[in-house]
Amino acid sequence: MIDSTGAAGAGRAQGISESGGPGGAVIWLAAITALGGLLFGYDTGVVSGALLFLHDSFPHISSVQKELVTSLLLVGAAIGAIGAGRVADRIGRRPTILITAVVFVVGVLAAAFSPVFAVLLVARVVIGLAVGSASMVVPMYIGEAAPPRFRGALVSFNQLAITSGILVSYLVDYGLAGSKDWRLMFGLASIPAILLFVGTLTQAESPSWLVTHDREDDARRVLSRLRHAGAVDDELASMKEGAQRQSVSAREMLSPRLRGALTLGVLLAVFQQITGINTVIYYAPTLLNSAGLGSSAALLANVVNGVVNVGMTLVAIWLLDRVGRRTLLITGTCGMAVGLLVIALVFMVGGSNLTGSAAIVAIIALFFYTGSFAIGLGPVFWLLISEIYPARVRASAMSVATFANWAANFVVTVSFLTLLNAINGDGTFFLFTFLTLVAVVYFWRRVPETKGLRLEDISAQIEGRRLGPGAVAAQPGEGKAS
Ligand code: BGC
């Protein structure tokens with residue numbers, strides 16, 4: 001935290017409100033934009049329940065076709081993530097979110113009203129395009145609008161919305177199971193999508209995008225809405241200076257200067273997925289059921305797991321700007337490894353059919369794993385990729401990292417059940433444990449602390465230059481931040 005002597009000056013310099021908080025306008029911006037995260041979570045989560053009832057409308061549906069309904073969203077998301085970067089650079093962050101909201105509405109309504117199976121498949125790809133786009137543009141837009149001191153919490157509204165969306169989708173699936181109304185399960189997502197559209201109309205363009213497009217006066221106007229009056233000039237100057245100092249073109253993304261940051265984003269993305277989170281999110285009920293739990297107990301355990309995910313994300317929001325990203329990332333990932341190891345050991349000792357205390361230990365370990373993800377790798381991945389790139393390549397670089405995340409998600413999701421058959425539960429979870437430990441070592445060596453720093457100063461640090469005057473956070477290993 002900023003110390004008492006520096007609080008007033010640092011606060012003004014960083015654009016916080018007079019009351020010391022981040023200010024209503026920027027909280028509103030983050031909350032509205034995070035509806036994109038809610039849709040991301042809801043649309044990825046809802047399918048598990050909807051799948052159970054598709055045969056009512058499509059009696060000849062095969063299991064391969066069901067897998068397609070699930071996984072085509074991930075393919076669409078990978079494509080959407082790549083496309084959205086270009087669009088967000090060219091026309092701005094705000095119009096990109098508006099278009100994304102429209103694509104969401106079209107996709108979920110097409111899914112809800114699909115007359116034939118092929119339309120449902122196309123609709124899932126369309127929803128995927130919107131999910132992929134939202135997943136990169138939401139953290140980017142919030143990150144560019146947020147004052148440095150609260151950026152960790154505000155950007156992580158997105159992760160809170162993702163986890164809440166997943167939880168809401170479980171509850172909707174559960175509530176509609178009696179009526180078997182899979183169309184409504186899909187269609188309900190149109191409500192947050194419309195809210196996202198209308199809410200975004202009330203927002204302004206990202207100041208950082210405006211500065212990189214030489215629209216300084218507009219940037220000043222936006223900053224005056226989002227910041228305490230005394231902070232505007234200072235922040236604008238820093239953005240301008242950053243934009244000049246870092247005037248790199250998208251083509252330069254692969255230059256030695258930026259290659260390190262690009263690799264960091266991509267590896268964070270891949271580690272977020274290959275450490276197994278979505279095998280738990282998508283398959284936990286199946287896994288718990290086949291491990292000996294009755295199906296209603298398995299569903300209940302799944303809902304509790306969703307609550308743990310949301311609850312620990314709230315804790316992360318509280319801690320990110322206090323203890324820093326690096327500490328949470330490394331601690332959380334160690335916790336994930338412990339949870340995975342315990343699950344693997346329980347499977348090894350208890351065999352594939354767990355009963356009594358073995359089942360309870362496995363479930364507690366599962367909750368511990370999810371909670372550890374929620375406090376570290378879940379929010380920190382999306383936060384860091386919104387922080388570590390210079391403004392001019394931010395959208396393209398975030399697109400690449402986000403694409404890597406969806407591609408890795410796809411690979412893990414489609415290979416998980418095959419893996420379970422080939423090397424059993426214990427083998428699979430030992431493998432995840434190993435990959436998680438590799439992630440810890442990588443994070444320890446490569447992830448910088450970005451807490452409290454201005455975006456311009458973070459990318460300067462990543463490129464190996466001196467930190468600018470706005471820097472208030474500690475470097476890794478330097479102990480407490482000022
Ligand atoms: C990940 C998703 C995952 C979710 C679970 C997100 O950060 O990107 O793949 O489903 O967290 O909470």
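Atoms within each ligand, like the ligands themselves, are counted from 1 in listed order. Since the structure is predicted, the reported quantities are computational estimates derived from the model, not experimental observations.
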| task | Give yes or no for whether the N/O distance cutoff of 3.5 Å, strictly under, is met between T163 and ligand 1. | result |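 No: no nitrogen or oxygen of T163 is under 3.5 Å from one in ligand 1.
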Which residue holds the protein heavy atom closest to [atom], what is that atom called, and what is the gap in Å?
{"atom": "atom 8 (O) of ligand 1", "answer": "Q272 OE1, 2.9 Å"}
{"atom": "atom 12 (O) of ligand 1", "answer": "N309 ND2, 3.0 Å"}
{"atom": "atom 3 (C) of ligand 1", "answer": "N278 OD1, 3.4 Å"}
{"atom": "atom 11 (O) of ligand 1", "answer": "Q159 NE2, 3.1 Å"}

| query | Judged by modelled atom types alone, do T313 and Q159 share a side-chain donor-acceptor pair under 3.5 Å? | reply |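 No pair is found: no donor N or O on one side chain lies under 3.5 Å from an acceptor on the other.
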| message | With no hydrogens and no angle check, just 3.5 Å: does a side-chain donor-acceptor pair link T402 and W382? | response |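 T402 vs W382: no donor-acceptor pair found between side chains.
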| Given that the side chain starts at C-beta and the backbone is N, CA, C, O, which of these parts of T44 lies under 4.0 Å from ligand 1, counting heavy atoms, or is it both or neither? |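 The answer is neither.
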| Under 4.0 Å from ligand 1, counting heavy atoms only, is it the side chain of F381, its backbone, both or neither? |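 Contact part for F381 vs ligand 1: neither.
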| field | Contact with ligand 1 for F373, non-hydrogen, under 4.0 angstrom | value |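 The answer is yes, since F373 has a heavy atom less than 4.0 Å from ligand 1.
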| message | Among E144, R392, E456, which residue satisfies the side chain to side chain contact (heavy atoms under 4.5 Å, CB included) criterion with S208? | response |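 When side chain to side chain contact (heavy atoms under 4.5 Å, CB included) is applied between S208 and each of E144, R392, E456, only E144 qualifies.
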| Relative to the heavy atoms of W382, which atoms of ligand 1 are at a distance of less than 4.0 Å? |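 Those qualifying, in numeric order: 6 (C), 7 (O), 8 (O).
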| task | With R394 as the cation and W209 as the aromatic partner, state whether NZ or CZ is under 6.0 Å from the six-membered ring centre and within 45° of the axis. | result |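 No, R394 does not lie over the aromatic ring of W209.
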| task | Tell me, please, which residues at least two apart from F113 pass ring-ring contact (aromatic ring centres under 6.0 Å, His included). | result |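 For F113, no residue satisfies ring-ring contact (aromatic ring centres under 6.0 Å, His included) once neighbours in sequence are set aside.
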| request: With sequence neighbours excluded, tell me which residues meet side-chain hydrogen bond (donor to acceptor under 3.5 Å, both in side chains) with S156. | output: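 side-chain hydrogen bond (donor to acceptor under 3.5 Å, both in side chains) list for S156, sorted by chain: empty.
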| task | Indicate yes or no for a side-chain donor-acceptor contact from R326 to the backbone of V447 under 3.5 Å, with no hydrogens or angles considered. | result |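 Looks like yes, one N/O pair under 3.5 Å.
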